[in-house]
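None of these values were measured; they are calculated from a predicted model. Chain letters run A, B, ... following the sequence lines, proteins first and then strands; every chain starts at 1.
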Amino acid sequence: MKKTVLHDVHVKLGAKMVEFAGFHMPISYTSITDEHMAVRQKAGIFDVSHMGEIIVTGAQATDFVDYVFTNNVRSMTANQVLYGMFCEPHGGVVDDLLVYKVNDEHYYLVVNASNIEKDLAWLHKQNSFGVDIIDQSESTSEVAVQGPLAESMLQKTTDYDLSTLKFFTFDDMVVYDHDVMVSRTGYTGEDGFEIYGDHEAIKDIFERLLADHEGLMPCGLGCRDTLRFEVALPLYGNELSKDISPIMAGYSFAVSFDKGDFIGKEALLKQKEDKPAQRVVGLEALDKGILRHGYEVYSGDTRVGHITTGYIAPTTGESVAMALIERAHAKKGTELEVAIRKRRVKVIVRNKKFHDKNTKQ
Amino acid sequence: MKTPKDLYYTETHEWVKVEDGFAFIGITDYAQDSLGEIVFVELPEENEQVNQFEEFAAIESVKAASDLNSPVSGVIVAVNEELEDNPELLNEDPYENWIIKVELEDETEINKLMNAEEYKEHCE
């Protein structure tokens, strides 16, 4: 199993470790709920060094990234970050990712750890643009500092005025005494930053931030998932997959039909116009029980979908889920049932955003 | 990790305490620690039959659901209903908070379980 540069730090902090995407990663240090609430109310720090980083350079880098990515790369300015997907011609998702624009001939792509190899192979297959595609994942580490106090904590470590760094932009800066790249992005629904650098820099920043800030909690992948879930951010493999397109999942804001041709455009446009056969919706349990990933959803005796992610939402205490449901049963207020072991639990369709984001716009 | 000497244990991390022909059944310290915060217990009904090493309840942490298997066979004579509203009691004291009480069908089934020493080794 692969280890991040922070592996031994996690073990020393007493983290419960699990296998995730081939890495030995912390699921939590104390409790998922405490870590979750720390990010909502104060700040938490995450080791996300397992993520993949791919650099695309070349004279036609803009044309290439715009062709493989669903969102509008030509509209990006330098130092901007954009969320979107790689899609197959039929509209299924290869991966969802962030695109960082350094300049017209240089882009930095941050992809899911479990998809790095697949993404690289897929990108090379599309490369009739003569661009260079370089995998930097092995030499890059990443930490995320997330929560309402993230800015004030990180500001103490750098001369860069973080109040000028807008949501979904990035810049190079010195944090402590390390040259790193910092973006105002995250996967929690809170304000915060993601910091990319070489292994030793990131390890030192993680340890020093924790030592310098009593209110900063080390957070594992457990609460990373509950945090993103509450604000309806998708997880590849759950809400997005080769069978669940961004239109079905309700993330059409990340698909730009106003731009030139891109892989999957025709299929996604048709889905949008015809309305997709299935949609990702929110569900709330009306009986006791927790709706877990993979559980089947029924209307009477007819199976109408499955749960993509479900929890008792730590912030609200509600038993809720996101689920892929046939369109005829996906209207808000529809009552359905979920099979939990030998029981059937009544659920009602509702908006899938269970908690409002608190990011800086 | 606590492993009381007067209990018997299953490989799937349940404990049983035998008293006057009745068996109190719960989860071990190791189980509650690996599960993390327990947020829901799906309890069986009184008078249901349980069978040795077969599922009798489900327990849910923030992260996942797990089945509980009964260490012994018999009819359920009591269910710890306090766990419905306070499932976290299983984290706080897994040995004090039994989950079901069963009228023992066959005391020799205990021979198929582990004692404290054997269970400790099993967890290592």
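At least one side-chain heavy atom of R341(A) sits under 4.5 Å from a side-chain heavy atom of D67(B). You'll find the side chain of T226(A) stays beyond 4.5 Å of the side chain of K63(B), heavy atoms only.
Contacts from residues 227-234 of chain A to chain B, taken as heavy-atom pairs separated by less than 4.5 Å, involve no residues at all. Listed by sequence position, the residues of residues 5-32 of chain B in contact with chain A number zero, using a 4.5 angstrom heavy-atom cutoff.
Heavy atoms of S319(A) lying under 4.5 Å from chain B are absent altogether.
Under the rule for a ring-ring contact (aromatic ring centres under 6.0 Å, His included), the partners of F20(A) that lie at least two apart in sequence or sit in another chain are H50(A). Remark: Y29(A) pairs with H10(A) by the ring-ring contact (aromatic ring centres under 6.0 Å, His included) rule, at least two apart or across chains.
Within 6.0 Å of the CZ atom in R279(A), the count of heavy atoms belonging to other residues, nucleotides or ligands does not exceed 12. Crowding of E103(B) atom CD: a count of heavy atoms from other residues, nucleotides or ligands under 6.0 Å not exceeding 12. Other residues, nucleotides and ligands place no more than 12 heavy atoms under 6.0 Å from the CD atom of E107(B).
For the atom pair OG of S61(B) and CD1 of I290(A), the computed distance is 7.5 Å after rounding to the nearest 0.5 Å.
For the pair E60(B) (side chain) and G289(A) (backbone), a donor-acceptor distance under 3.5 Å is absent. Checked by atom type and distance alone, the side chain of K16(A) pairs as donor or acceptor with a backbone atom of D33(B) at under 3.5 Å.
Note: A64(B) leads S34(B), A64(B), G36(B) in heavy-atom pairs under 4.5 Å with chain A. For the set P314(A), G310(A), S28(A), S31(A), the count of heavy-atom pairs under 4.5 angstrom toward chain B peaks at S31(A).
Ion pairing of E42(B) with K288(A) is absent here, as no side-chain N (NZ or NE/NH1/NH2) approaches a carboxylate O to less than 4.0 Å.
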